[in-house]
Participant: 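Structure below; questions to follow.
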Amino acid sequence: MAKRRKVEQAMRDACARFGFGEVVTPTFEHSELFTLRSGQGIIDEMYVFKDKGDREMALRPEITASVMRYYVNELSTAPKPLKLYYVGNCFRYENPQSGRYREFWQIGAELIGTKTPETDAEVIALAVNCIRAAGLENYVVRVGHIGILKSLVREEIKDEALAAEVLRMLDKEDFDAMGDMFDAKTLPRSLFEKITAIADIKGGIDELNNLEDSEATRHLRETFNVLKLYGIEECQVDLGIVRGLDYYTGMVFEIDAPRLSAEKQILGGGSYTLSELFGGEPVFSTGFAIGIDRVVLASEAENPIQTGAPLDAYIIPAKDDMRKYAFGIVARLRSQGLKADVDLMQRSMSKNLKYASSVGARFAVIVGREEMEKRSVTVRDMKTGEQSLVSADNIGTAVKKNSG
Ligand code: HAM
């Protein structure tokens with residue numbers, strides 16, 4: 001948990017630096033909240049149950065829909081843009097494997113109220129800053145635009161269910177199955193080739209030159225220009241990004257950690273509209289969610305996450321009549337903000353030193369008779385074994401200076 005918390009806190013701090021405020025939403029909701037537009041993929045994976053009032057409820061598979069419901073119910077008159085972030089557990093009935101769990105944790109952000117390229121760049125910049133703050137060095141940011149493929153597929157394939165199926169296959173990059181389906185449904189081969197050619201546009205921003213100029217390509221170019229101003233140059237274009245969730249309307253993006261052998265996707269996001277489904281005015285939003293479990297796995301695969309000593313000082317009274325003095329010392333260290341603990345089991349000196357070492361205390365603070373009489377303590381560095389006599393008034397400073 002110390003490692004996870006460190007990663008999570010670094011990403012929370014990044015959200016705060018970008019002016020995002022935290023919100024918390026319920027763990028379970030009416031299942032309809034997620035079935036309205038999240039798509040078949042999510043519906044198949046949801047934990048759904050009836051409550052005592054015979055209402056159909058679901059454990060949240062994601063948090064965006066809940067944030068938008070919260071926005072419609074409570075925040076629609078708040079000044080825009082609204083910048084909200086959240087950390088929470090999500091539930092999906094998937095086949096568990098490394099990095100894919102039935103309960104997992106997300107940190108996510110939603111910027112509500114605008115749809116400019118600057119908005120999208122701001123959200124991508126926050127996402128990249130979260131990943132950098134988490135300490136990850138190897139990651140790939142891919143940015144696309146769902147409008148291009150979605151409008152082509154929906155224009156050319158009038159059967160809605162079939163169009164949705166094609167988009168789902170594109171998300172899974174299952175081109176063989178898609179080809180078979182085109183044949184089975186006698187859809188034109190030329191359309192298949194057009195779709196796969198667009199999905200294949202990947203690389204630098206100049207790859208967009210292979211495509212007719214459109215609102216979507218102009219939007220992406222401008223987003224990349226703003227990202228450059230933010231000092232973010234690592235993004236690639238990928239027009240094959242379709243996203244498993246159905247609510248996206250414009251820019252979409254994903255971040256992968258290539259070091260992970262399976263389940264490499266650590267982040268997904270994009271721009272969407274959802275508020276009108278929950279009874280609100282339509283409002284444009286852009287957001288993302290990061291899989292915290294996967295970020296921790298990816299960071300650990302690069303370098304073990306350092307969390308510092310769990311305890312700054314462990315106080316050891318040498319004899320029973322020094323215990324009262326020892327409790328005064330531990331209270332003083334704690335009041336100075338240090339992580340301090342004291343022997344509660346009246347163990348021998350050697351057993352206490354062993355314990356201090358096993359719990360990862362940075363210092364052992366030994367209180368003997370002589371120390372007590374001089375109103376001092378012996379501070380033992382648990383890494384080097386060095387010992388020094390420190391006055392009781394200065395012990396906090398001595399420990400603080402060297403801890404961490
Ligand atoms: P998502 O791509 O479904 O997007 O999930 C975001 C991230 O959650 C994934 O990239 C992955 O890292 C992590 N994740 C998903 N499923 C699992 C799992 N079973 N086990 C471990 N980690 C998992 C969303 O949820 C959208 N709400 C993102 C968003 C926010 N779009 C706009 N705003």
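Counting starts at 1 for both ligands and their atoms, following the listed order.
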Participant: So that I can tick it off, tell me whether E234 and R132 are bridged by a salt bridge, with the cut-off set at under 4.0 angstrom between side-chain N and carboxylate O.
Facilitator: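 The answer is yes: the pair qualifies as a salt bridge.
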
Participant: Tell me whether the NZ or CZ atom of R92 lies within the 45° cone about the ring axis of Y47 and under 6.0 Å from its centre.
Facilitator: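 Here R92 fails the 6.0 Å and 45° test against Y47.
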
Participant: Examine the proximity of ligand 1 to Q106 and report which part, side chain or backbone, both or neither, has a heavy atom under 4.0 Å away.
Facilitator: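 It is the side chain that touches ligand 1; the backbone stays farther off.
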
Participant: Could you identify the single nearest non-hydrogen protein atom to atom 20 (N) of ligand 1 and state the distance to 0.1 Å?
Facilitator: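 Protein heavy atom at minimum distance: Y101 N, 2.9 Å.
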
Participant: List ligand 1 atoms under 4.0 Å from Y248, heavy atoms only on the residue side.
Facilitator: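 In order of numbering, the contacting atoms are 26 (C), 28 (C), 29 (C), 31 (N), 32 (C).
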
Participant: Does the pair D174/R168 count as a salt bridge with the N-to-O cut at 4.0 Å?
Facilitator: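 R168 and D174: not salt-bridged.
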
Participant: Judging by distance only, is a nitrogen or oxygen of R100 under 3.5 angstrom from one on ligand 1?
Facilitator: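 Min N/O separation from ligand 1 is not below 3.5 Å for R100.
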
Participant: Return the closest protein heavy atom for atom 19 (N) of ligand 1 as residue, atom name and distance.
Facilitator: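 The closest heavy atom on the protein side is E94 OE2, 2.5 Å.
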
Participant: Specify side chain, backbone, both or neither for Q265, according to which of its non-hydrogen atoms lie closer than 4.0 Å to ligand 1.
Facilitator: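 The answer is both.
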
Participant: Can you pull out the closest protein heavy atom to atom 7 (C) of ligand 1? Residue, atom name and distance to 0.1 Å, please.
Facilitator: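 The protein heavy atom lying closest is A289 O, 3.7 Å.
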
Participant: Taking heavy atoms and a distance under 4.0 Å, where does F288 meet ligand 1: side chain, backbone, both or neither?
Facilitator: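 Near ligand 1, F288 shows its backbone, while the atoms from C-beta on stay back.
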
Participant: Pull out every atom of ligand 1 sitting under 4.0 Å from any heavy atom of R294, numbered as shown with elements.
Facilitator: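 Heavy-atom distances to R294 below 4.0 Å select 11 (C), 12 (O), 17 (C), 18 (C), 20 (N), 21 (C), 22 (N), 23 (C).
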
Participant: May I ask you to check whether R92 has an N/O atom sitting below 3.5 Å from an N/O atom of ligand 1?
Facilitator: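 Yes; at least one N/O pair falls below 3.5 Å.
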
Participant: Can E300 and K3 be counted as an ion pair, charged N to O under 4.0 angstrom?
Facilitator: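 So E300 pairs with K3 through a salt bridge.
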
Participant: Does a side-chain N-to-carboxylate-O contact under 4.0 Å join R218 and E222?
Facilitator: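 Here R218 does not pair with E222 in a salt bridge, since their nearest N and O are not under 4.0 Å apart.
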
Participant: Ligand 1 versus D293, non-hydrogen atoms closer than 4.0 Å: side chain, backbone, both, neither?
Facilitator: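 Within the 4.0 Å criterion, D293 makes no contact with ligand 1.
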
Participant: Using a strict threshold of under 4.0 Å (side-chain N to carboxylate O), is an ion pair present between K202 and E207?
Facilitator: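 Here E207 does not pair with K202 in a salt bridge, since their nearest N and O are not under 4.0 Å apart.
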
Participant: Can you tell which of F104, F253, W105 gets a heavy atom nearest to atom 16 (N) of ligand 1?
Facilitator: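 When every heavy atom of F104, F253, W105 is considered, F104 comes closest to atom 16 (N) of ligand 1.
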
Participant: Write out the residue and atom name of the closest protein heavy atom to atom 30 (C) of ligand 1, then the distance separating them to 0.1 Å.
Facilitator: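 For this ligand atom, the closest protein heavy atom is T64 OG1, 2.9 Å.
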
Participant: Regarding R347 and the six-membered ring of Y355, is the cationic atom NZ or CZ under 6.0 Å from the ring centre and inside 45° of its axis?
Facilitator: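 Verdict for Y355: a cation-pi partner in R347.
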
Participant: Could you tell me if any non-hydrogen atom of Y247 lies under 4.0 Å from any atom of ligand 1?
Facilitator: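 Right, Y247 reaches ligand 1.
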
Participant: For the residue pair Y247 and Y272, does the interplanar ring angle fall in the parallel (under 30°), tilted (30 to 60°) or perpendicular (over 60°) class?
Facilitator: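 Correct class here is tilted.
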
Participant: If you measure from each heavy atom of R243 to ligand 1, is any distance below 4.0 Å?
Facilitator: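 Yes.
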
Participant: Report the part of E110 (side chain from C-beta onward, or backbone N, CA, C, O) that has a heavy atom under 4.0 Å from ligand 1; answer both or neither where that applies.
Facilitator: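 Side chain only; the backbone of E110 stays clear of ligand 1.
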
Participant: Quick check on contacts: which atoms of ligand 1 are under 4.0 angstrom from a heavy atom of G287?
Facilitator: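 Taking each heavy atom of G287 in turn, ligand 1 has 30 (C), 31 (N), 32 (C), 33 (N) under 4.0 Å.
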
Participant: What protein heavy atom sits nearest atom 24 (C) of ligand 1, and how far away is it?
Facilitator: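 Looking at atom 24 (C) of ligand 1, the protein heavy atom closest to it is L245 CD1, 3.4 Å.
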
Participant: Can a cation-pi geometry be assigned to R221 and F224, taking NZ or CZ under 6.0 Å from the six-membered ring centre and within 45° of the ring axis?
Facilitator: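 Pair R221/F224 does not count as cation-pi.
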
Participant: Under a 4.0 Å N-O cut-off, is there an ion pair linking D381 with R362?
Facilitator: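 Salt bridge flag = yes for R362 with D381.
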
Participant: Show me which atoms of ligand 1 lie under 4.0 Å from any heavy atom of G269.
Facilitator: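 Numbered from 1, ligand 1 contributes 31 (N).
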
Participant: Output yes when R323 and D343 qualify as a salt bridge under the 4.0 Å nitrogen-oxygen rule, no when they do not.
Facilitator: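 Here R323 pairs with D343 in a salt bridge, since their nearest N and O are under 4.0 Å apart.
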
Participant: Answer yes or no for G108: is there a heavy-atom contact with ligand 1 below 4.0 Å?
Facilitator: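 No.
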
Participant: For I266, take its heavy atoms, then give the atoms of ligand 1 lying under 4.0 Å from any of them.
Facilitator: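 Listed by number with element: 10 (O), 12 (O).
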
Participant: Provide, to 0.1 Å, the distance between atom 13 (C) of ligand 1 and the closest protein heavy atom, together with that atom's residue and name.
Facilitator: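 It is G291 CA, 3.6 Å.
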
Participant: Y230 and E122: side-chain donor and acceptor closer than 3.5 Å?
Facilitator: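 Checked: Y230/E122 side chains pair up, N/O donor to acceptor below 3.5 Å.
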
Participant: Under 4.0 Å from any heavy atom of G99, which atoms of ligand 1 are there?
Facilitator: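 Answer, ordered by atom number: 20 (N), 21 (C), 22 (N).
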
Participant: To which protein heavy atom is atom 27 (N) of ligand 1 closest, and what is the distance rounded to 0.1 Å?
Facilitator: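 Looking at atom 27 (N) of ligand 1, the protein heavy atom closest to it is E62 OE1, 2.4 Å.
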
Participant: Taking the basic N atoms (NZ, or NE/NH1/NH2) and the acidic carboxylate oxygens, is any pair closer than 4.0 Å for R60 and E29?
Facilitator: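 Salt bridge between R60 and E29, a charged N being under 4.0 Å from a carboxylate O: no.
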
Participant: Could you tell me which residues satisfy salt bridge (charged side-chain N to carboxylate O under 4.0 Å, His left out) with D246, sequence neighbours excluded, listed by chain and number?
Facilitator: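 Once residues adjacent in sequence are excluded, D246 has no partner under the salt bridge (charged side-chain N to carboxylate O under 4.0 Å, His left out) criterion.
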
